[in-house]
Amino acid sequence: MRKIDVNDIKQTIENLFIAANFDLPNDVLEAVKQARETESSLTAKEILGQILKNADIAHQEELPLCQDCGVALVFMDIGQDVFFTGGDLRLAINEGVRSAYTSAYLRKSIVKSPIDRKNTGDNTPAIIYFDIVPGDTVSITVLPKGGGCENMSALAMLNPSDGINGVKRFVLETVYKGGANPCPPTIVGVGLGGSFDYAAFLAKKALLRPVGTPNDDPKLDTLEKELLSGINALGIGPLGMGGKTTAFAVHILESPCHIASLPVAVNMECHSHRHKEATI
């Protein structure tokens, strides 16, 4: 067994959240640049240019890319041959989030109760997804996710008879209803199958694939391209001001499901798709 001190996890989490809030990843920057080259709308081109300028200022001056520094999402792939030492892993993760949002003056957006609406004051607790994988390393991905795009997400339990056309219709309707609210251009995560809750997890996890990379499954790759074409034909455009770039990409993950079910989840992500990864 390989020993990993949870203090190393805490420090890594802190560093990743600060970097994620200051630096737009290269895959997203490339998507913005490509969209700017192909846009025919002058307004859309200008908005995409402003997104690039904003990203450059955030990087140069170490300022948040967006005023909404989001809910702290943490995805951890834990090698089954890892043994954690030095304390409680979940507490260490939250301490890393707490330190990042305090030291970097990131806006804290988490309320203790959805009813009482009292801010926790440190953007914890994080939402943490653990997965056990082969090996003796720990891979960490952080995703500070804003409320505007998250609120435009949706889930449906379709009938199996709805088929692929029902899936397409639901995804397009979700994006259309969202309009400008999720701050397009978006990345659209789609979860197919599993169960009511697992489909939503898949839709969120689908966002982690680098923008612009093809799906490993040819069937899903074709579906992603068809959905992206349909979404961009809606004409919503950058920040809802019109144009042909409503989404940079559609990413799909699927899972086996019950014979009587067809769960479909859509998790919307804004153009400020902040994510960072590290492996310990």
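Numbering of residues begins at 1 and proceeds along the displayed sequence.
Annotation: the span from Ile110 atom CD1 to Ile127 atom CD1 amounts to 6.5 Å, rounded to 0.5 Å. Of the inter-residue distances, the one linking Leu208 atom CG with His275 atom NE2 reads 8.0 Å to the nearest 0.5 angstrom. Distance check, rounded to the nearest 0.5 Å: CE of Met241 to CG of Leu42 gives 12.5 Å.
The cluster map of Ile, Leu, Val, Met, Phe, Trp and Tyr, joined by side-chain heavy atoms under 4.5 Å apart, puts Leu223 and Val188 in the same cluster. Using a 4.5 Å cut-off between side-chain heavy atoms of Ile, Leu, Val, Met, Phe, Trp and Tyr, with links allowed through other members, Leu253 and Phe170 fall into different hydrophobic clusters. Follow the hydrophobic side-chain contacts under 4.5 Å out from Phe248 and you never reach Tyr176; the two are in separate clusters. One hydrophobic cluster holds both Leu106 and Ile13 under the rule that ILVMFWY side chains link at heavy-atom gaps under 4.5 Å. Transitive grouping of hydrophobic side chains (ILVMFWY, heavy atoms separated by less than 4.5 Å) keeps Leu202 and Leu227 in distinct clusters.
For the residue pair Asn159/Ser161, the side-chain donor-acceptor check at 3.5 Å is not satisfied. Side-chain contact, Gln50 with Glu46: a donor N or O sits under 3.5 Å from an acceptor N or O. The closest side-chain donor-acceptor pair between Asn215 and Asp217, if any, does not fall under 3.5 angstrom. Donor-acceptor pairing under 3.5 Å is lacking for the side chains of Thr137 and Thr279. A donor-acceptor pair shorter than 3.5 Å cannot be found between the side chains of Asn26 and Glu30. A donor-acceptor contact under 3.5 angstrom links the side chains of Thr245 and Glu39, judged on distance only.
Taking a 6.0 Å sphere around CZ of Phe196, one finds it holds 12 or fewer heavy atoms contributed by other residues, nucleotides or ligands. The local environment of CG in Asp216 is sparse, with at most 12 non-hydrogen atoms from other residues, nucleotides or ligands closer than 6.0 Å. The number of heavy atoms from other shown groups lying within 6.0 Å of CD (Glu62) does not exceed 12.
Residues His271 and His273 keep their aromatic ring centres 6.0 Å or farther apart.
At distances below 3.5 Å, at least one donor-acceptor pair connects side-chain atoms of Glu224 with backbone N or O atoms of Ile252. Of the possible donor and acceptor atoms, one in the side chain of Asn94 sits under 3.5 Å from a partner among the backbone N and O of Arg90.
Residues satisfying the ring-ring contact (aromatic ring centres under 6.0 Å, His included) test with Phe75, not counting sequence neighbours, are Tyr129.
The pair Glu254-Lys219 meets the salt-bridge criterion, since a charged nitrogen lies less than 4.0 angstrom from a carboxylate oxygen. Between Arg274 and Glu269 there is no salt bridge, since no side-chain N of the basic residue sits under 4.0 Å from a carboxylate O of the acidic one. A salt bridge does not link Lys112 to Asp116: none of the charged side-chain nitrogens sits closer than 4.0 Å to a carboxylate oxygen. For the pair Lys145 and Glu150, the salt-bridge criterion is met [side-chain N within less than 4.0 Å of a carboxylate O].
At a threshold of 4.5 Å between non-hydrogen side-chain atoms, the residues Ser195 and Ser261 do not count as touching.
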